[in-house]
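The model shown is predicted, which means the values in this text are computed figures rather than measured ones. Letters go in sequence order (proteins before strands), and every chain restarts at 1.
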Protein chains: 2
Amino acid sequence: MTFKKSIIIYGLAMALLMGLLKFFEYRFFVRDMTLELYLGLVAVVFIALGAWIGWRLTHKKTVTAVSIDSFSLDADELKRLGITKREYEVLENIALGLSNQEIADKLFVSTSTIKTHLSSLFLKLDARRRTQAIQKAKELRILP
Amino acid sequence: MTFKKSIIIYGLAMALLMGLLKFFEYRFFVRDMTLELYLGLVAVVFIALGAWIGWRLTHKKTVTAVSIDSFSLDADELKRLGITKREYEVLENIALGLSNQEIADKLFVSTSTIKTHLSSLFLKLDARRRTQAIQKAKELRILP
DNA sequence: CGCGAATTCATACTTTCGGCCGATTGTATT
DNA sequence: AATACAATCGGCCGAAAGTATGAATTCGCG
């Protein structure tokens, strides 16, 4: 459904571009436009199209996700805070209301490990309690 | 750091592309390659570059601003669950990440009272931990 | 007024959390 | 090889959270 639609849209866009190409080609021969300028125009147009396609392809999913829960993780914020994958997993799970033991079982590690990850998280989020960590994470938009 | 790196990478890619452009231009004049073929090549290359840039730019950091926090407290739900005013105040404050002591100070009562309210809340929300209570309250849309 | 619900508090007890150590392993990076 | 970091685990200890129980108030409402 969505895929077919995309194909059609991209096809139409391509056709339009090809038309533009021909148009410019015509002007090229008529007005003796310089080759460099012509190429520059083509390059700019196609780089824009490419960027647009890239954006569409990678943002399709995000857009639908947004309509569902209006949340998209900001990976930069995570990097800025130095929060690792494993730490983030623990963060997600305390936000679900799980205890250290439950998270340990879920992630197949010991509670000691969970505690270590939590301690790191508290440092990085400047929190003293798990509830505070959840709150701050939501403010920073790294949790829904 | 990462930003600067990106700039450099993009710059190098651009330079490379420009070199290719010149190379093809040269071949165009020498070998009398058809204009269409030349343009096609340019188009393909730049569309690829554009797609790549688009992918990089959007995949790196997912920024989604939209979310018109439309939260309206459902008083009916509170009544249905039998949650009292005071209990709800405590619920709000644990969601802010406060400790029992902090809530007690804020509401001018003792921690014993906070604990009592929390126990009632846990019963009514079917939770065993404050984090779980917060999670369930959000699911029930009685907390933003 | 009197009844029930809400709010308050306390004491004793168990469980969970969090801080503060230290340690090992594996994986990149240099 | 050396350095850095992520991920793992453990012990100890005090603080916080949560359970159970009982009881004293205050407040709304018929």
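Applying the salt bridge (Lys or Arg N to Asp or Glu O under 4.0 Å) definition to pairs two or more places apart or across chains, those involving residues 97-118 of chain B are R129(A)-E102(B).
Side-chain N or O atoms of N93(A) include one that pairs as donor or acceptor with a backbone N or O of E89(A) at under 3.5 Å. Side chain of Y88(A) to main chain of L78(A): no donor-acceptor pair is present (N/O by atom type, distance under 3.5 Å, no hydrogens or angles).
Between the CD1 atom of I83(A) and the P atom of dC5(D) there is a distance of 17 Å, rounded to whole Å. Taking atom CD of residue E87(B) and atom P of nucleotide dT8(C), one finds them 10 Å apart after rounding to whole Å. Rounded to whole Å, atom P of dT8(D) lies 13 Å from atom CG of L121(A). Between F122(A) atom CZ and dA16(D) atom P there is a gap of 14 Å when expressed in whole angstrom units. One atom, CG of N100(B), and another, P of dG18(C), lie 12 Å apart when rounded to the nearest Å. Straight-line distance from the OH atom of Y88(B) to the C1' atom of dA6(C): 18 Å, rounded to whole Å. Rounding to whole angstrom units, CG of residue L123(B) and C1' of dA20(D) are separated by 12 Å. Rounded to an integer number of Å, the gap from CG of L118(B) to P of dT8(C) is 13 Å.
OP1 and OP2 of dC17(C) both lie 4.0 Å or more from every side-chain N or O belonging to R129(A). For T84(B) and dA5(C), the shortest distance from a side-chain N or O to OP1 or OP2 is not below 4.0 Å. Taking side-chain N and O atoms only, H117(A) has a distance below 4.0 Å to OP1 or OP2 of dT8(D). OP1 or OP2 of dA17(D) sits under 4.0 Å from a side-chain N or O of R130(B). Applying the 4.0 Å criterion to OP1 and OP2 of dG18(C), one finds that R128(A) has every side-chain N and O outside that range.
Comment: R128(A) engages D126(A) in a salt bridge, judged by a side-chain N to carboxylate O separation of less than 4.0 angstrom. One finds no salt bridge joining K136(B) and E139(B) here, because no Lys/Arg side-chain nitrogen approaches an Asp/Glu carboxylate oxygen to under 4.0 Å.
Nearest-nucleotide positions on DNA chain D place R86(A) closer to the 5' end than the other of L98(B) and R86(A).
Contacts between residues 107-116 of chain A and DNA chain D, defined by a heavy-atom separation under 4.0 Å, are made by V109(A), S110(A), S112(A), T113(A), T116(A).
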Note to self: Let's go through T116(A) and T113(A) carefully: what are the C-alpha distance in whole Å and the side-chain angles of both, what is the deciding distance for side-chain hydrogen bond (donor to acceptor under 3.5 Å, both in side chains) to 0.1 Å, and is it a yes or a no?
What the structure shows: CA-CA 5 Å; T116(A) 305; T113(A) 307; 5.9 Å; no

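In the hydrophobic clustering of this structure, L140(B) does not group with L123(B); members are Ile, Leu, Val, Met, Phe, Trp, Tyr whose side-chain heavy atoms approach within less than 4.5 Å, directly or through other members.
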